[in-house]
There are 2 protein chains.
Amino acid sequence: MPAPPASRTPLSRPRVLAAAVALADVDGMAAVSMRHLADRLGVVPMALYKHVGSKEDLLDGMVDTVLGEVVTAGPRGGDWRAAVRGAVLSARAAVQRHPWARRAIETRTVRTPAVLGHMEAVTALLLAGGFSPDLAHHAMHALGNRIWGFSPELFDETAEDRAAGTRTSPAPDPADYPSIIAVSLEARRRRPGAAGCDEDFEFTFALDLLLDALDRLRRDGWESPTGA
Amino acid sequence: MPAPPASRTPLSRPRVLAAAVALADVDGMAAVSMRHLADRLGVVPMALYKHVGSKEDLLDGMVDTVLGEVVTAGPRGGDWRAAVRGAVLSARAAVQRHPWARRAIETRTVRTPAVLGHMEAVTALLLAGGFSPDLAHHAMHALGNRIWGFSPELFDETAEDRAAGTRTSPAPDPADYPSIIAVSLEARRRRPGAAGCDEDFEFTFALDLLLDALDRLRRDGWESPTGA
DNA sequence: AGCGTAGGTGTACGTTGTACACCTCGTCAA
DNA sequence: TTGACGAGGTGTACAACGTACACCTACGCT
């Protein structure tokens with residue numbers, strides 16, 4: 001006689017979400033289907049729907065779980081710039097722990113608690129740092145996705161290979177893009193042996209550019225043009 | 001007797017792509033399946049595969065088609081800032097003509113001719129304007145998605161409604177997000193009667209912030225820290 | 001003792017991308 | 001004139017997907 005059913009620990013929303021995150025971490029986002037996830041949990045696909053409303057809801061929950069890892073310190077010593085920088089870099093760390101999270105965040109439109117919580121934290125730091133609500137608003141927009149700790153991959157080296165299979169259009173001719181080539185050659189010269197761009201540098205470069213620019217506006221008491 | 005088969009104008013890659021763009025424009029991206037598209041063209045689904053390699057290739061082609069609408073003037077009068085601004089706003093116009101394009105561009109990783117062409121044009125304007133290849137590189141990264149004329153929708157008003165159906169987690173309590181509320185109230189006060197944010201203003205605000213900051217670096221002869 | 005309900009099961013349906021074999025022409029060499 | 005060839009459209013088929021719906025089962029309550 002086999003062992004008794006062992007009375008599995010029952011499913012729950014957190015358990016489902018955690019399993020989904022783990023599955024995506026290991027096998028990639030494409031492997032996250034209701035069926036695979038159910039298999040992983042030793043359960044039938046439809047059982048998941050007792051804990052998540054739909055696949056969309058599952059993805060929202062996964063993003064929420066990852067962003068729940070972000071920790072934000074309160075404003076310290078009145079240095080809003082360092083505080084915001086720290087919050088954003090904490091988000092970056094969380095997102096980098098889960099390679100699929102970037103893409104997932106981009107496609108989500110729903111504002112779940114952890115998402116709102118992070119936005120609230122950053123906004124609060126700006127207000128505490130002397131930003132007017134008006135300027136804080138525009139600052140959030142200007143930061144955009146960088147709030148979540150990532151910037152778009154403008155030059156994705158790995159994409160070309162992946163596309164080789166089914167592409168119909170001809171491969172582009174480098175001679176048509178002299179400026180890109182010039183820039184890319186200089187980048188390689190500066191970082192010999194490196195593959196692709198230094199994403200961390202690019203991220204902080206742009207982040208600091210924005211924070212500096214915003215600080216100038218704050219000091220100058222900038223405000224929206226009336227009527228806009 | 002019905003009209004003779006009318007010897008339909010044969011399919012071709014451009015015709016398939018144009019039909020896909022039109023279909024997405026009218027019925028949304030979700031309606032772009034190989035079957036629907038084939039229906040629209042009066043053809044059987046598999047016929048499309050003679051002209052596009054896969055659905056991925058189709059989407060790449062759609063993005064390429066839209067970005068092909070972008071026109072970029074050469075540098076005029078040495079004002080790189082106005083020229084770049086113009087190129088970016090031209091891309092924005094193209095993307096806004098096709099509501100689905102934003103999301104589609106974000107998910108594409110392949111660099112098709114029109115995509116590369118636009119990147120090349122902007123890079124060339126920077127170089128012609130006195131940017132070092134080094135700084136031009138970082139400038140492109142800093143601009144990020146704004147190159148394509150859009151910025152992430154941080155506060156998407158319509159998303160909440162759409163999610164109401166299958167959401168499992170409870171609706172967020174506004175009392176937990178005082179800073180967001182403060183900012184949002186001020187925004188509403190400044191634009192009474194407006195629904196949501198003024199995306200055009202937010203876009204140019206952030207764009208000009210970046211262009212100004214980059215111009216300062218250019219004037220100062222900024223260059224990458226060695227070793228990074 | 002019995003009933004309601006939370007939670008897991010089983011089956012089924014419609015839709016998706018696309019592999020593969022086929023057919024039907026128009027073009028061109030012999 | 002013929003006959004082969006290849007480009008391009010057809011038909012069928014399959015595996016995978018999300019999820020609606022009816023069902024069962026077992027626990028906590030009164």
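Lettering follows sequence order; numbering is per chain, from 1.
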>> Could you work out, with salt bridge (charged side-chain N to carboxylate O under 4.0 Å, His left out) as the rule, every residue matching Asp176(A), not counting sequence neighbours?
In response: none

> Who pairs with Asp208(A) by side-chain contact (heavy atoms from CB on, under 4.5 Å), at least two apart in sequence or on another chain?
Replying inline: Arg81(A), Arg85(A), Thr204(A), Leu211(A)

>> For Leu185(B), give me all partners under side-chain contact (heavy atoms from CB on, under 4.5 Å), at least two apart in sequence or on another chain.
In response: Ile181(B)

> What's the CG-P distance between Asp57(B) and dT18(C), to the nearest Å?
Replying inline: 10 Å

>> Could you work out, with side-chain contact (heavy atoms from CB on, under 4.5 Å) as the rule, every residue matching Arg40(A), not counting sequence neighbours?
In response: Leu23(A), Asp27(A)

>> Using OP1 and OP2 only, check whether a side-chain N or O of His51(B) sits under 4.0 Å from dG9(D).
In response: yes

Produce the list of close N/O pairs, under 3.5 Å, pairing protein atoms with atoms of nucleotides 15-20 of chain D; give distances to one decimal.
residue, atom, partner, partner atom, Å
dC17(D), OP1, Ser33(A), OG, 3.2
dG18(D), OP1, Lys55(A), NZ, 2.8
dG18(D), OP2, Met34(A), N, 3.0
dG18(D), N7, Arg35(A), NH1, 2.4
dG18(D), O6, Arg35(A), NH2, 3.1
dT19(D), OP2, Tyr49(A), OH, 2.8
dT19(D), OP2, Lys55(A), N, 2.9
dT19(D), O5', Tyr49(A), OH, 3.4

>> What is the distance, to the nearest angstrom, from the CG atom on Leu48(B) to the C1' atom on dT10(D)?
In response: 12 Å

>> Please enumerate all residues that pass ring-ring contact (aromatic ring centres under 6.0 Å, His included) together with His118(B), with sequence neighbours excluded.
In response: Trp148(B)

>> From CZ of Arg15(B) over to C1' of dG9(D), roughly how many Å is that when rounded to an integer?
In response: 13 Å

> NZ of Lys50(A) versus P of dC27(D): gap in Å, rounded?
Replying inline: 17 Å

> Hey, would you say the Phe201(A) and His141(B) ring centroids sit under 6.0 Å apart?
Replying inline: no

